[in-house]
Structures are given as structure tokens and as C-alpha cells.
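To keep things clear, I will list the structure first and then write my remarks on it.
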Amino acid sequence: EEMVLIPAVEFEMGRAVGAKGGYTNEVPVHRVFVHAFRLDRHEVTNRRYRRFVKATGHREPAAWEPESAARFGGDDQPVTGVSWDDANAFCAWAGKRLPTEAEWERAARGGLEGKEHPWGDGPPDRYACMHRPRETGGPAKVGSFAATGFGLFDLGGNVYEWCADRYSDGYYKDSPSRNPTGPTTGTQRVLRGGSWNSDTGIPTCSTRYFHDEWYTGDIAGFRCARSVDPRSDPRWTALQGSWQLKQVTDHGKLEPPGKSWPEVLTVLASEFRLSYGSDDGAPGDLSVFGQFRLGAGKTVHVLLDGSHHA
């Protein structure tokens, strides 16, 4: 399954206190930074899940039973009827993991800060499978509706998507500001995104759902995530060491001493969060997407996500 790179960024997560609609577990709005990660472009399909079941002997989902298969068992429909443990097991088999709740919301917003839905503020008609009859409806084939700004499909509607986090109603009041992973105790897990049976106004970017880990309803599915370690990126090797800031432009271009600029930093800056410090060790201003503001003649120390120095 193709994965999409979601660049590292700090964004506003949740819903404002007193905002129209929504639920109390979505407040308050709070700034959250998440590392860069990759996310499946589509929800995991029955076709992919069948390969997993065949390879591992894992139990089949309830939605594949004869009375349900016609509505939920199509190869290109998202797999449903899977518990959190089932989804977690598939991700591990695929060499991936479930996304955190913060990662999911970051991806759903698609760079649209403050918008209600993954597609923006407009009607969902072109973007989401929702409002289908409970007794006769079911999810659409993945990718049937338009993609979000990140090129992801079906983040609103089709199936609720399991996240890695345990659930707590008041978690946002005390959640970490960097890469939150949810409470450390509890048996309920977070679900995000809405389903084929949701009302058209329900699945917002900030709406939080939850259920017991063993829940296997026909509205629950998932997609996989994968962490990004930039130190394994061959382009990162080219940045090892200190760089001399030879020229300051509107885009803050940097050049390595004695070489023509290969533009590798520009590429990395669009994928990872970069900051810099002066040559005397004083911290520099935080920089996102490669906008550097530092006096000419200073030595630039590339700093990745506040943890990896080059």
C-alpha cells in the first residue's frame, strides 16, 4: 500500500471552548507538535486483510460472515468488523503501526488550519461516504471520493479508524505538547473519522470517538502509519556537519562550503522540522519549511525535531 509523507509541524488540535457543535472531549484547542510520519493513502481493504489472514492464520473479521459479506466483503472495500487488537496485529505484520490520535488529526487537517472537515468547510458530497441506511448500507470502495490536501482518501466517513491511543475524556487538558500518545492506562481506544452510517455533519477533524478494544462493529476499520527516521534518509548524510550561511535570500538558501548548493536542505525542510543555532551555541529561532533568519557569517547547525544534531 502506498504511503504518504506527512511533514512534521506544530498545529492546533481540538476544538475551541464554546464553539458551535462538537463535544466536550474535543476541548480545549491546544498546540501540538508531531514528528514527520507516513500514513497509508487508503484504509486497509479486505483484499489486503485477506493476505494477512492467509499468511498468519489470524481470525477472520465478523463482517466476512455469509450474512454480511455482500455488504462488507468486497475486495476494495475497507475491512470492517476488526477489533483494536486485530488492527494492531495487521500493522505489526506489515511492518507498520497504528497512527496516534494526534497524527491522525494532523493528517486529516491536510494543512487546512482551523477547518471543520478533512475537505474544508464545504458540503461532503464529493469527499465522504456517509449517511447510508443502517440496515442496507455499507462502506464504499476506498478512493471513491476526492482526496484531501495531503492526497489521502476517506478520512471523513466510510469507516471509523482505530488509533493507537487509549481514550480519556479529559486528556486534552494535560496532554503533552510534543508527540502525545494518549493515557497510559485504560481499555478503551480512540476511533476517528466517522463512517458510512454517520450523519453528514458529524465527522469533523476534531471529533473524538472511542470504544472497547474488543469492539468489532461493521463501522470500524483502520489504516497504518510508519515512523520516519530522517537519519536513515541518504539525503540527511549530505547535511552532516556545520554549514556556512553564505547568502541570505527570501527563501533563506544555504550553501555548503566549497560546493554548489544541491537543494537537499530545501527538500528535507519540507519533510522535517528544522531549526538552527548560532556558532556560539545560542539557540536560534524555530524554523519550519526552510525559512532561515540568521546573520551572514554565522555557522548553521542543523537541528532536526529538537533531538537529532548534525
Side-chain angles (χ1 to χ4, degrees), residues 1-3 39-99 101 104 107-108 118 124 127-145 152-167 187-200 202-203 207-225:
E1 168 66 22
E2 183 182 1
M3 303 192 83
L39 190 66
D40 282 353
R41 190 177 296 277
H42 299 286
E43 295 158 334
V44 172
T45 62
N46 287 309
R47 187 193 309 276
R48 293 172 62 197
Y49 202 82
R50 286 190 179 98
R51 291 199 295 265
F52 162 65
V53 169
K54 183 177 180 180
T56 65
H58 196 87
R59 68 182 183 88
E60 294 185 354
W64 289 1
E65 294 176 2
E67 62 271 20
S68 304
R71 292 169 58 197
F72 302 103
D75 282 348
D76 296 320
Q77 286 180 293
V79 65
T80 62
V82 289
S83 68
W84 183 90
D85 286 326
D86 294 332
N88 198 46
F90 176 96
C91 290
W93 170 78
K96 303 178 184 181
R97 59 174 175 80
L98 288 171
E101 183 175 20
W104 193 97
Y127 297 95
C129 172
M130 293 182 292
H131 208 51
R132 293 189 171 182
R134 171 70 257 179
E135 299 302 322
T136 59
K141 293 180 180 180
V142 300
S144 296
F145 295 82
L152 301 165
F153 292 86
D154 303 310
L155 283 167
N158 225 26
V159 291
Y160 288 98
E161 299 180 12
W162 286 112
C163 293
D165 307 40
R166 292 181 172 89
Y167 174 79
T187 59
Q188 293 178 320
R189 299 282 178 167
V190 173
L191 288 154
R192 285 297 200 110
S195 80
W196 53 271
N197 187 233
S198 295
D199 291 334
T200 53
I202 290 296
T207 306
R208 305 177 69 209
Y209 302 92
F210 59 94
H211 224 297
D212 295 309
E213 294 177 351
W214 48 258
Y215 175 72
T216 56
D218 56 23
I219 57 174
F222 67 101
R223 74 180 73 212
C224 305

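The figures that follow rest on heavy atoms only: side chains count, while hydrogens, waters and symmetry mates do not. The shown structure was predicted, so the numbers you read here are calculated from the model rather than taken from an experiment.
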Determine, stepwise, if the pair Tyr215 / Phe210 fulfils side chain to side chain contact (heavy atoms under 4.5 Å, CB included).
CA-CA 10 Å; Tyr215 175 72; Phe210 59 94; over 6 Å; no

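- Nearest heavy-atom pair, Tyr160 versus Ser198, reported as atom, atom and distance to 0.1 Å: OH-OG, 3.5 Å.
- If you check the side chains of His58 and Asp86, you find a donor sitting under 3.5 Å from an acceptor.
- Under the 3.5 Å distance criterion, with hydrogens and angles disregarded, a donor-acceptor pair is assigned to the side chains of Asn46 and Trp64.
- Of the inter-residue distances, the one linking Ser83 atom OG with Phe222 atom CZ reads 9.5 Å to the nearest 0.5 angstrom.
- Note that Arg189 lies in the cation-pi zone of Trp84, set by a 6.0 Å cut-off to the ring centre and a 45° limit from the axis.
- Using a distance-only test at 3.5 Å, with no hydrogens or angles considered, no donor-acceptor pair links the side chain of Trp104 to the main chain of Leu191.
- The shortest heavy-atom contact between Arg166 and Val190 is O-CG2, 3.9 Å.
- Residues Met3 and Lys96 are in side-chain contact: their nearest non-hydrogen atoms beyond the backbone lie under 4.5 Å apart.
- In this structure, the side chains of Arg223 and Leu155 come closer than 4.5 Å at one or more pairs of heavy atoms.
- Using a cut-off of 4.0 Å between Lys/Arg side-chain N and Asp/Glu carboxylate O, Arg192 and Glu161 are scored as not salt-bridged.
- To the nearest 0.5 Å, the span separating CZ on Arg48 from NE2 on His42 amounts to 9.5 Å.
- Remark: side-chain polar atoms of Asp40 are paired, donor with acceptor, to backbone N or O of Cys224 under 3.5 angstrom.
- In this structure, Ile219 and Thr80 have side chains that are not in contact, with every pair of non-hydrogen atoms separated by 4.5 Å or more.
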Could you go step by step and tell me if Val79 and Thr45 meet the side chain to side chain contact (heavy atoms under 4.5 Å, CB included) rule?
CA-CA 5 Å; Val79 65; Thr45 62; over 6 Å; no

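- The heavy-atom pair separating Gly81 from Pro61 by the smallest distance is O-CB, 3.6 Å.
- Remark: the backbone N or O of Ala140 is paired with a side-chain donor or acceptor of Asn158 at under 3.5 angstrom.
- Between Tyr49 and Phe90, the ring planes lie parallel to each other; the angle is under 30°, not in the 30° to 60° tilted range.
- When all heavy atoms of Ala220 and Val82 are compared, the closest pair comes out as O-CG2, 3.8 Å.
- Contact of the Leu98 side chain with the Cys163 side chain is not registered, since no non-hydrogen atoms from C-beta on lie closer than 4.5 Å.
- Panel note: side chain Gln188, backbone His211; no donor-acceptor pair is recorded below 3.5 Å.
- Between Trp196 and Phe72, some side-chain heavy-atom pair lies under the 4.5 Å cut-off.
- The shortest non-hydrogen separation linking Pro139 to Val159 is CB-CG1, 4.3 Å.
- Summarising the geometry of Gln77 relative to Val142, their closest heavy-atom pair is C-CG1, 4.4 Å, with the distance given to 0.1 Å.
- Under the 3.5 Å distance criterion, the side-chain polar atoms of Glu43 are left unmatched by any main-chain donor or acceptor of Phe153.
- Summarising the geometry, atom CD belonging to Glu2 is positioned 11.5 Å from atom CG belonging to Leu39; distances are rounded to the nearest 0.5 Å.
- A salt bridge links Asp75 to Arg47: at least one charged side-chain nitrogen sits closer than 4.0 Å to a carboxylate oxygen.
- Under a 3.5 Å cut-off, the side chain of Asp154 and the backbone N or O of Gly143 do form a donor-acceptor pair.
- To the nearest 0.5 Å, atom CD of residue Glu60 and atom CZ of residue Phe52 are 11.5 Å apart.
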